[in-house]
Undergrad: 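I have a structure I would like to understand better, so I am pasting it below and will then ask my questions one at a time.
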Amino acid sequence: MSLVKAEGLFKSFGKTRALDGADITIRAGEVVAIMGPSGSGKSTLLHCLAGIMPPDKGTVMYRDQDLTAMGDSARSELRRTEFGFVFQFGQLVPELTCVENVALPLRLSGVKRKQAERAALDWLAKLEVDTVADQRPGETSGGQGQRVAIARALVTGPKVIFADEPTGALDSLNGERVMHLLTTAARDTGAAVVLVTHEARVAAYSDREVVVRDGRARDVEFAR
Ligand code: ADP
Ligand code: ADP
């Protein structure tokens with residue numbers, strides 16, 4: 001069954017056509033790697049799927065809800081409750097400790113501090129970074145920071161994690177470790193993962209690859 005289904009997406013920036021009729025389907029619980037050359041439209045596709053950027057044309061369905069038809073506040077509520085986000089850099093609040101960063105999405109949903117921080121600490125432990133709980137993001141290594149960001153994306157129990165080059169700033173060993181922890185944690189919770197990468201060794205952690213070329217997406221079906 002499809003969880004996120006986008007059809008006929010077009011998006012231009014001035015004269016640049018970033019998406020040119022892209023279609024993609026994400027099923028519940030699967031890990032999908034969006035691959036393709038630089039500038040092919042991968043990030044734009046991810047941002048449209050995640051309801052961060054409106055396409056010029058086309059629809060993005062999340063279950064039975066059309067993200068392109070709903071109002072801004074309904075869409076941000078859906079993002080907050082159903083989606084988690086991991087980006088390449090700079091997503092943690094520098095003034096907060098790592099455990100406070102992970103607890104933040106729960107605090108914003110009205111969960112009491114003690115309970116939110118307990119859940120945050122559990123997630124930090126699952127991602128093997130509970131040792132940096134009381135440090136600020138600037139004091140951790142890049143790989144540790146990415147694991148904290150993943151813990152923060154998972155703490156609310158999302159149905160889909162959207163990740164844009166989540167290992168882009170890491171060396172290959174740390175990148176593989178982060179992919180292993182991300183995909184294991186997502187499988188444990190049943191969350192789907194949609195990630196943009198240009199690295200085959202990162203895509204190797206996915207169930208399925210979708211290749212984007214010139215703003216069009218093509219499903220590459222194969223069993224791993
Ligand atoms: P990829 O992620 O595959 O590298 P992007 O989706 O980032 O590709 O970009 C696709 C094309 O759209 C590129 O030519 C890029 O320069 C352009 N583009 C993306 N975002 C913007 C923007 N905000 N303003 C102008 N051009 C953009
Ligand atoms: P990625 O490495 O994930 O493909 P980019 O470096 O292409 O990301 O883009 C980072 C951000 O800058 C994105 O939000 C994208 O929309 C925006 N962007 C990309 N290309 C351009 C551009 N030519 N002009 C303005 N913004 C852009």
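Being a predicted model, the structure only gives us computed values, none of them experimental. Note that the numbering runs from 1 along the sequence shown for the chain. Numbering of ligands and ligand atoms starts at 1, following listing order.
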Undergrad: Given K42, which of I34, L19, L195 fulfils the side chain to side chain contact (heavy atoms under 4.5 Å, CB included) condition?
TA: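 That would be I34.
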
Undergrad: For P37, counting its heavy atoms only, list the atoms of ligand 1 lying under 4.0 Å from any of them.
TA: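 In order of numbering, the contacting atoms are 3 (O).
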
Undergrad: For ligand 1, which is the ligand I care about here, please tell me if A18 has any N or O atom under 3.5 Å from one of the ligand's N or O atoms.
TA: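 Looking only at distances, the answer is no, because the N/O contact criterion of under 3.5 Å is not met.
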
Undergrad: Got a donor-acceptor contact below 3.5 angstrom from the R213 side chain to the A217 backbone?
TA: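 No, the answer is negative, given that no donor and acceptor are paired below the 3.5 Å cut-off.
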
Undergrad: Counting from 1, what ligand 1 atoms have a heavy atom of S38 closer than 4.0 Å?
TA: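 Every atom of ligand 1 under 4.0 Å from some heavy atom of S38: 4 (O).
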
Undergrad: Check whether any N or O atom of G39, backbone or side chain, sits under 3.5 Å from an N or O atom of ligand 1, and answer yes or no.
TA: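 It does: an N or O of G39 is found under 3.5 Å from an N or O of ligand 1.
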
Undergrad: Taking atom CG as the centre, does D130 end up with more than 12 heavy-atom neighbours from other residues, nucleotides or ligands that are less than 6.0 angstrom away?
TA: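 Correct, the count exceeds 12.
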
Undergrad: Look at the rings of F85 and F83 and say which category their plane angle falls in: under 30° parallel, 30 to 60° tilted, over 60° perpendicular.
TA: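 Answer is perpendicular, since the angle exceeds 60°.
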
Undergrad: Below 4.0 Å from ligand 1: does a non-hydrogen atom of G215 turn up there or not?
TA: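 Checking ligand 1 against G215, which is what was asked, there is no heavy-atom contact under 4.0 Å.
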
Undergrad: Test E77 against every option in R75, R79, R80 by the salt bridge (charged side-chain N to carboxylate O under 4.0 Å, His left out) rule and name the one that passes.
TA: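 Single pass found, and it is R80.
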
Undergrad: For ligand 1, is G36 a contact, meaning one of its heavy atoms is under 4.0 Å away?
TA: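 G36: no contact with ligand 1 (<4.0 Å).
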
Undergrad: Identify whether the distance between the nearest side-chain nitrogen and carboxylate oxygen of R187 and D207 falls below 4.0 Å.
TA: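 Counted as a salt bridge, because a side-chain N and a carboxylate O are separated by less than 4.0 Å.
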
Undergrad: Between ligand 1 and T16, is the shortest N or O to N or O distance under 3.5 Å?
TA: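 For ligand 1, there is no N or O atom that lies under 3.5 Å from one belonging to T16.
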
